[in-house]
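Just below is one structure, and these are the notes that go with it.
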Amino acid sequence: MGTAIFDTALGVFGLGWTDRGLCRVLLPGDAPEIMAERLGRNGARLGSPTREIAALMDRIEDYAEGERVDFSGVTLDLRGAPEFHRRAYDLLLSVPWGETRTYGDLARQLGDVNLSRAVGQAMGANPMPLVIPCHRVLASDGKPGGFSAPGGAASKVKMLALEGVSVGTPAGQMTFGF
């Protein structure tokens, strides 16, 4: 696996790719050294990005500056992801910029609203956040719900704000008038 770490207006991102496509996205929040260590597991090393990966890096930089970006055409390598997760990710790839769905919405599309927790688990295991836009999945009450990236729900809210979506105060946080 080849890897790259690059700076954006949101902070440092990390990418990993194989000859089959993108397989890893690390969102900002960790120090570059920690990202390099996480990306370097299993023998991966810093490499020269392919043309597609270089173009993706440009699009991520544009996204971080608030530009409308579509990642749906990125070639993904989801080997190792469970079949249910891949089905959930396929649905999620059709959710456009500035729109959200609930865990229940995706579960219904997958055949059973009772799969909401399984959808949440798939989102938490998403190896390519942003490109597979798990930040666009909200709890049934419209609150952010969980987000396993650095910064948790606050990062999710920030990403959605870039897309013009306001979801309010993340669960477990309060704002004070002083």
Side-chain angles (χ1 to χ4, degrees), residues 5-16 22-32 34-35 37-39 59-72 74 76 78 81-82 84-110 113-178:
I5 296 170
F6 61 104
D7 199 24
T8 73
L10 288 174
V12 177
F13 275 79
L15 299 179
L22 180 71
C23 62
R24 191 83 169 116
V25 174
L26 298 180
L27 298 176
D30 288 328
I34 293 171
M35 285 186 152
E37 177 192 328
R38 288 178 61 201
L39 286 169
R59 284 190 279 175
I60 290 172
E61 289 170 353
D62 292 344
Y63 177 90
E65 292 173 4
E67 293 182 35
R68 185 182 188 109
V69 176
D70 178 12
F71 297 110
S72 64
V74 175
L76 305 177
L78 285 166
F84 179 83
H85 291 196
R86 288 195 303 265
R87 289 177 44 221
Y89 301 153
D90 284 344
L91 284 175
L92 192 51
L93 288 168
S94 69
V95 178
W97 168 279
E99 292 187 22
T100 61
R101 301 292 185 272
T102 66
Y103 296 99
D105 292 335
L106 293 177
R108 272 187 286 285
Q109 287 184 275
L110 290 165
V113 72
N114 292 318
L115 295 171
S116 295
R117 285 182 191 253
V119 168
Q121 291 171 345
M123 297 305 109
N126 179 2
M128 294 169 262
L130 179 61
V131 175
I132 299 174
C134 57
H135 63 284
R136 295 180 184 151
V137 183
L138 303 175
S140 61
D141 61 3
K143 291 187 178 172
F147 198 55
S148 59
S155 292
K156 186 178 202 176
V157 169
K158 186 175 185 176
M159 292 170 74
L160 287 169
L162 279 173
E163 298 182 24
V165 177
S166 176
V167 294
T169 305
Q173 295 186 8
M174 295 176 55
T175 57
F176 298 96
F178 55 89

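All values derive from a computational prediction rather than experimental measurement.
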- With rounding to the nearest 0.5 Å, note down the distance linking CD in Glu67 to CZ in Arg59. 12.5 Å
- Any donor-acceptor pair under 3.5 Å linking the side chain of Tyr63 with the backbone of Glu163? no
- Atom OG in Ser72, atom CG in Leu92: separation rounded to 0.5 Å? 12.0 Å
- Min side-chain heavy-atom separation Glu61-Phe13 under 4.5 Å: no
- Message: On a heavy-atom basis, which atom in Ala122 and which in Ala88 lie closest, and how many Å separate them?
- Response: CB-CB, 4.2 Å
- Message: With rounding to the nearest 0.5 angstrom, report the CG to SG distance, Leu106 to Cys134.
- Response: 11.0 Å
- Message: Can a donor-acceptor pair be found, under 3.5 Å and without considering hydrogens, that links the side chain of Arg136 to the backbone of Val95?
- Response: yes
- Message: Quick check: do Val119 and Phe84 have side-chain heavy atoms less than 4.5 Å from each other?
- Response: yes
- Task: Could you tell me whether Asp105 and Arg108 have a side-chain N and a carboxylate O separated by less than 4.0 Å?
- Result: yes
- Measuring from Leu76:CG to Arg86:CZ, what's the distance to the nearest 0.5 Å? 12.0 Å
- Message: Can a donor-acceptor pair be found, under 3.5 Å and without considering hydrogens, that links the side chain of Lys156 to the backbone of Val137?
- Response: yes
- Item | Ser116 versus Gly104, closest heavy-atom pair with distance | OG-CA, 3.4 Å
- Query: Quick one: does Val74's side chain get under 4.5 Å of Met128's, heavy atoms only?
  - Reply: no
- Rounded to the nearest 0.5 Å, what's the gap from CD1 on Ile60 to OG1 on Thr8? Could you check? 8.5 Å
- Interatomic distance, Asn126 atom CG to Leu78 atom CG [nearest 0.5 angstrom]: 8.5 Å
- Query: Which heavy atom of Pro133 sits nearest a heavy atom of Leu93, and at what distance?
  - Reply: CD-CD2, 4.2 Å
- Query: Any side-chain heavy-atom pair from Met159 and Leu27 closer than 4.5 angstrom?
  - Reply: yes
- List the atom of Glu99, the atom of Val165, and the distance in Å for their closest heavy-atom pair. N-CG2, 4.4 Å
- If you look at every heavy atom in Arg24 and Leu22, which pair is closest and at what distance? O-CD1, 3.6 Å
- Nearest heavy-atom approach of Leu130 to His135 is CD1-CE1, 4.0 Å
- Would a 4.5 Å heavy-atom cut-off, applied to side chains only, mark Val157 and Phe147 as touching? no
